[in-house]
Amino acid sequence: MRATLLVAGIALAVLGTTWSCRKSGDAPRVLDGAGATLPLPLYAKWSTEFALYDPTVRVNYQPLGSGAGIRQMSDGVTDFGATDEPMTDEQIARLHGDVVHIPMTVGAIVLTYNVPGLTELRLTPDVVADVFRGVISRWDDPRIGLANAGVTLPAQPITVVHRADGSGTSAAFATYLAKNSEAWRSDVGTGVSPRFPVGVGARGNDGVTAFVKSTPLAIGYVELAYARQAGLPTALVKNRAGVFVQPNLTSLEHAMSGLEDRIPDDLRVSLVDTTDEGAYPIAALSYLIVPRDAKDRAKGEALARFVWWGLHQGQTYAAALDYAPLPPSIVTRAERTVRALRADGQLVAIGRSDR
């Protein structure tokens with residue numbers, strides 16, 4: 001893990017003094033959430049830090065994948081969901097529109113590999129598509145070598161590792177390939193559960209990371225933080241401008257370039273394959289999905305406080321964990337959504353005087 005970001009002395013928005021006090025000795029109120037594994041390292045940090053900030057609330061987050069997070073929130077199993085792939089219009093309609101998307105962070109989906117001696121690898125989208133379709137099956141394939149002149153590639157088979165669960169990470173990865181490969185669009189498709197024709201499935205970003213790390217000659221796709229923590233290399237990937245880009249905070253910021261001008265009112269937007277020449281092309285905006293009108297007022301207000309904290313204090317932990325903090329303009333847009341949240345038909349009290 002990279003060094004923890006120091007936050008002492010930073011002036012940030014504070015939630016104010018209108019919280020209701022609970023009696024000493026009362027158990028903390030528990031908020032249950034589930035969903036995307038992409039933001040798990042950040043959300044785990046938030047859960048710990050928010051418990052110190054507001055001891056009346058505990059956040060219990062289960063990394064089950066974006067698809068499961070949407071289902072459990074939709075079925076009322078959890079208080080909130082998390083996903084890197086926004087819900088579809090049809091999914092929202094089944095809930096009568098009673099759900100909102102709140103962007104919380106931005107992550108990079110990277111190609112990580114385990115090839116002894118190979119420290120730099122450049123990949124084009126057509127090559128990636130054909131590796132994960134099984135058309136390219138060996139590391140020394142001439143098409144891989146074309147973008148890696150002077151690099152010695154092993155004359156060995158490639159072990160492909162992909163997600164076995166419904167995943168927003170898979171959705172962003174598949175969307176990038178579908179935009180650049182007609183064969184991918186027709187053979188594999190997009191969404192949280194693409195039809196991978198070859199490879200080994202593993203659950204979660206952590207499962208794919210562990211499989212790649214333990215399997216020489218393997219390649220898989222995971223969120224950047226997982227590859228960094230495992231000490232695995234990441235490939236430079238060709239973006240829409242034709243530039244091979246390394247995944248890092250700078251290239252994620254480029255992926256968000258102009259976002260405030262194209263993000264819709266409901267905040268559902270894709271960061272995949274944007275046109276900025278410095279942009280890493282497989283980026284994902286990770287969302288919390290929360291009820292527009294919570295049934296339990298106390299829980300609704302506690303959840304609103306947690307989300308507001310994540311949009312402000314929580315952003316200071318992002319960079320140290322390889323996530324890009326949200327641009328101020330997007331935070332402002334997200335604030336409007338949080339201020340409009342209700343419980344039992346009435347606006348929730350976030351604890352601020354600037355509603």
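For reference, positions follow the sequence shown, starting with 1. Since we're looking at a predicted model, the values are computed, not measured.
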Whichever hydrophobic residues join [X] through chains of side-chain contacts under 4.5 Å:
X    : result
L52  : none
I289 : I70, M73, M87, I92, L95, V99
V198 : none

Straight-line distance of [X] [atom1] to [Y] [atom2], nearest 0.5 Å:
X    : Y    : atom1 : atom2 : result
R339 : W308 : CZ    : CH2   : 3.5 Å
Q246 : E120 : CD    : CD    : 7.5 Å
D344 : D296 : CG    : CG    : 7.5 Å
E223 : I109 : CD    : CD1   : 7.0 Å
R133 : D187 : CZ    : CG    : 4.5 Å
D206 : Y226 : CG    : OH    : 5.5 Å

Which atoms form the tightest heavy-atom contact between [X] and [Y], and what is the distance?
X    : Y    : result
P291 : L303 : CD-CD2, 4.5 Å
G201 : A164 : C-CB, 3.8 Å
P264 : R268 : CG-O, 3.2 Å
S214 : P216 : O-CD, 3.6 Å
P125 : L177 : O-CD2, 3.6 Å
P63  : T37  : O-CG2, 3.6 Å

* **Working for side chain to side chain contact (heavy atoms under 4.5 Å, CB included), residues W184 and V128** => CA-CA 10 Å; W184 183 274; V128 176; over 6 Å; no

* Criterion salt bridge (charged side-chain N to carboxylate O under 4.0 Å, His left out) on D322 and R228, from CA distance to verdict -> CA-CA 8 Å; D322 295 303; R228 289 276 179 87; 2.7 Å; yes

* To do: Using the six-membered ring wherever Trp is involved, compare the ring planes of F50 and Y53 and label them parallel, tilted or perpendicular (cut-offs 30° and 60°).
  => tilted

* Could you tell me whether R297 and E301 have a side-chain N and a carboxylate O separated by less than 4.0 Å? => yes

For the residue pair [X] and [Y], establish whether any side-chain heavy-atom pair is separated by less than 4.5 Å.
X    : Y    : value
V59  : W46  : no
L38  : N205 : yes
I330 : I263 : yes
V188 : P197 : yes

* Tell me, which pairs form a ring pair (Phe, Tyr, Trp, His ring centres under 6.0 Å) where one or both residues lie in residues 135-178, sequence neighbours left out? -> F132-F173, H162-F196, F173-Y221

Do other residues, nucleotides or ligands put more than 12 heavy atoms under 6.0 Å from the [atom1] atom of [X]?
X    : atom1 : answer
K299 : NZ    : yes
D265 : CG    : no
E260 : CD    : yes

Side-chain donor-acceptor pairs under 3.5 Å in residues 143-160, sequence neighbours left out?
unit_1 : atom_1 : unit_2 : atom_2 : d
R143   : NH1    : D130   : OD2    : 2.7
R143   : NH2    : D126   : OD2    : 3.1
R143   : NH2    : D130   : OD2    : 3.1
N148   : OD1    : R122   : N      : 2.7
N148   : ND2    : R122   : O      : 2.9
N148   : ND2    : I144   : O      : 2.8

For [X], all residues meeting ring pair (Phe, Tyr, Trp, His ring centres under 6.0 Å), sequence neighbours excluded:
X    : result
Y113 : none
H254 : none
Y287 : H101
Y61  : Y43

* Structure fact -> Across all chains, not counting sequence neighbours, the side chain to side chain donor-acceptor pair (under 3.5 Å) partners of D98 are none

* To do: Could you walk me through whether V57 and F306 pass the side chain to side chain contact (heavy atoms under 4.5 Å, CB included) test, one step at a time?
  => CA-CA 9 Å; V57 179; F306 172 66; 5.6 Å; no

* Consider only side-chain N and O atoms of D165 and S167, and report whether a donor and an acceptor are under 3.5 Å apart. => no

Do [X] and [Y] sit in one hydrophobic cluster, given that two such residues count as connected whenever their side-chain heavy atoms are within less than 4.5 Å of each other, even indirectly?
X    : Y    : result
Y323 : L326 : yes
V192 : L288 : no
I219 : L217 : yes
V290 : V338 : yes
L64  : F80  : no

* Mind running side chain to side chain contact (heavy atoms under 4.5 Å, CB included) on V208 and T112 for me, showing each step along the way? => CA-CA 10 Å; V208 173; T112 190; 5.8 Å; no

* Could you check I350 against V348 for side chain to side chain contact (heavy atoms under 4.5 Å, CB included), going step by step and ending with a plain yes or no? => CA-CA 6 Å; I350 303 172; V348 297; 4.2 Å; yes

* T274, V272, T275, D276 screened by side chain to side chain contact (heavy atoms under 4.5 Å, CB included) with R240, the one that passes -> T275

* Asked: Which residues pass the salt bridge (Lys or Arg N to Asp or Glu O under 4.0 Å) test with E49, sequence neighbours left out?
  -> K45

* Residues which pass side chain to side chain contact (heavy atoms under 4.5 Å, CB included) with S66, listed by chain and number, not counting sequence neighbours -> A36, T83, D84

